[in-house]
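Okay, structure first, notes after.
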Amino acid sequence: MKKIALFVDVQNIYYTCRQAYGRQFNYRELWHRLSRQGEIQIANAYAIHRGDERQLKFQNALKAIGFNVRLKPYIQRSDGSAKGDWDVGITIDVLDAASQVDTVVLLSGDGDFDLLLDRIRRVDGVNTQVYGVSSLTANSLIEVAGEFVPITEELLLT
């Protein structure tokens with residue numbers, strides 16, 4: 001059975017789905033789809049912790065599905081901008097997992113991950129899948145992915 005590692009850039013998926021469709025991503029449907037492809041051995045969802053009740057409910061729902069929810073504190077800078085980027089954490093975790101699985105699935109449209117996916121494909125021989133909103137996913141990420149799966153109606157909550 002194929003071994004799968006799943007990594008979700010929660011903020012990226014939330015904002016791209018909201019911008020493109022005005023709806024939220026259906027993580028349970030994703031889990032069902034991937035479970036039919038193989039055994040999900042690693043499932044990390046990377047999010048920002050603000051401590052608000054809605055976010056806590058969402059994080060608990062992800063945990064109930066089977067995700068390990070990794071949190072970083074939300075940081076508001078004095079100039080009004082915010083920080084809460086998981087790119088380095090996701091990269092390290094993907095590099096650690098790549099030699100242990102057959103397929104790495106990344107949910108993100110962030111082009112910063114193109115070098116990462118290219119590297120694990122070349123060095124570790126791992127298959128890569130990227131799920132993202134087509135119009136909001138970097139072309140470089142789509143091109144380097146072994147398979148790009150566009151987020152469409154079937155992967156959204158009603």
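Residues take their numbers from the sequence shown, with the count starting at 1.
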query = Counting N and O atoms only, with roles assigned by atom type, does the side chain of Y21 sit under 3.5 Å from a partner on the main chain of I151, one being a donor and the other an acceptor?
reply = yes

query = With Y46, which of V69, V8, D93, L71 fulfils side-chain contact (heavy atoms from CB on, under 4.5 Å)?
reply = D93

Within one Ile-Leu-Val-Met-Phe-Trp-Tyr cluster: W86 and L136, side-chain cutoff 4.5 Å = no

task = Hey, could you give me the CG/CE distance between D102 and M1, rounded to the nearest 0.5 Å?
result = 11.0 Å

remark   = Test side-chain contact (heavy atoms from CB on, under 4.5 Å), reference I90, set L106, D85, N44, L95, output is L106

request  = To the nearest 0.5 angstrom, please state how far the CD atom of E147 sits from the OH atom of Y131.
outcome  = 6.5 Å

Hydrophobic cluster identity match, I40 and V149, side-chain contacts under 4.5 Å = yes

request  = Taking all non-hydrogen atoms of both residues into account, name the closest pair between A98 and D124 and its distance.
outcome  = CB-OD2, 3.3 Å

ask   = Which atoms form the tightest heavy-atom contact between A5 and F7, and what is the distance?
value = CB-CE1, 3.5 Å

query = Are Y14 and L6 joined in one hydrophobic group, where the rule is that I, L, V, M, F, W and Y side chains link up if heavy atoms are under 4.5 Å apart?
reply = no

query = Where do K57 and E53 land on the salt bridge (charged side-chain N to carboxylate O under 4.0 Å, His left out) test, with the steps shown first?
reply = CA-CA 6 Å; K57 282 175 125 174; E53 192 60 35; 5.9 Å; no

inquiry  = Using 0.5 Å steps for rounding, measure from the CG atom of L156 to the CD atom of Q24.
reply    = 10.0 Å

key: Residue among V130, D9, T16, L30 satisfying side-chain contact (heavy atoms from CB on, under 4.5 Å) with L107   = L30

task = Begin with the C-alpha distance, continue with both residues' side-chain angles, and end with the deciding distance and a verdict on side chain to side chain contact (heavy atoms under 4.5 Å, CB included) for V105 and Q37.
result = CA-CA 11 Å; V105 178; Q37 294 179 24; 5.5 Å; no

ask   = Linking I/L/V/M/F/W/Y whenever any side-chain heavy atoms sit under 4.5 Å apart, do I65 and V10 land together?
value = yes

key: Co-membership, hydrophobic cluster, residues F148 and F25, 4.5 Å side-chain   = no

request  = Determine yes or no for a side-chain-to-main-chain donor-acceptor pair under 3.5 angstrom, with Q55 supplying the side chain and I48 the backbone.
outcome  = yes

ask   = Say you draw a straight line from CG of D114 to CG of L116; how long is it, rounded to the nearest 0.5 Å?
value = 9.0 Å

query = If you look at every heavy atom in A97 and I42, which pair is closest and at what distance?
reply = CB-CD1, 3.5 Å

message = Are there over 12 heavy-atom neighbours, none belonging to E29, within less than 6.0 Å of that residue's CD?
response = yes

request  = Report yes or no: does T128 contribute a side-chain atom to a donor-acceptor pair with the main-chain N or O of G146 at less than 3.5 Å?
outcome  = yes

request  = Would you give the length of the straight line joining atom CG of L155 to atom CG of N26, rounded to the nearest 0.5 angstrom?
outcome  = 7.0 Å

query = Can you name the salt bridge (Lys or Arg N to Asp or Glu O under 4.0 Å) partners of R23, sequence neighbours left out?
reply = E153

query = Shortest non-hydrogen contact from A43 to W31?
reply = CB-CZ3, 3.4 Å

task = Decide yes or no for I4 and V101: does some side-chain heavy atom of the first lie under 4.5 Å from some side-chain heavy atom of the second?
result = no

inquiry  = Within this structure, what is the NE2-NZ distance for the pair H49 and K72, rounded to the nearest 0.5 Å?
reply    = 14.5 Å

Side chain proximity check, V133 to Q19, heavy atoms < 4.5 angstrom = no

Nearest heavy atoms of G109 and L141, plus distance in Å = C-CD2, 3.8 Å

task = Applying side chain to side chain contact (heavy atoms under 4.5 Å, CB included), run through Y27 and I13 and close with a yes or a no.
result = CA-CA 10 Å; Y27 289 92; I13 294 302; 3.8 Å; yes

key: For the student: nearest non-hydrogen atoms of I142 and S134, plus distance   = CD1-O, 4.2 Å

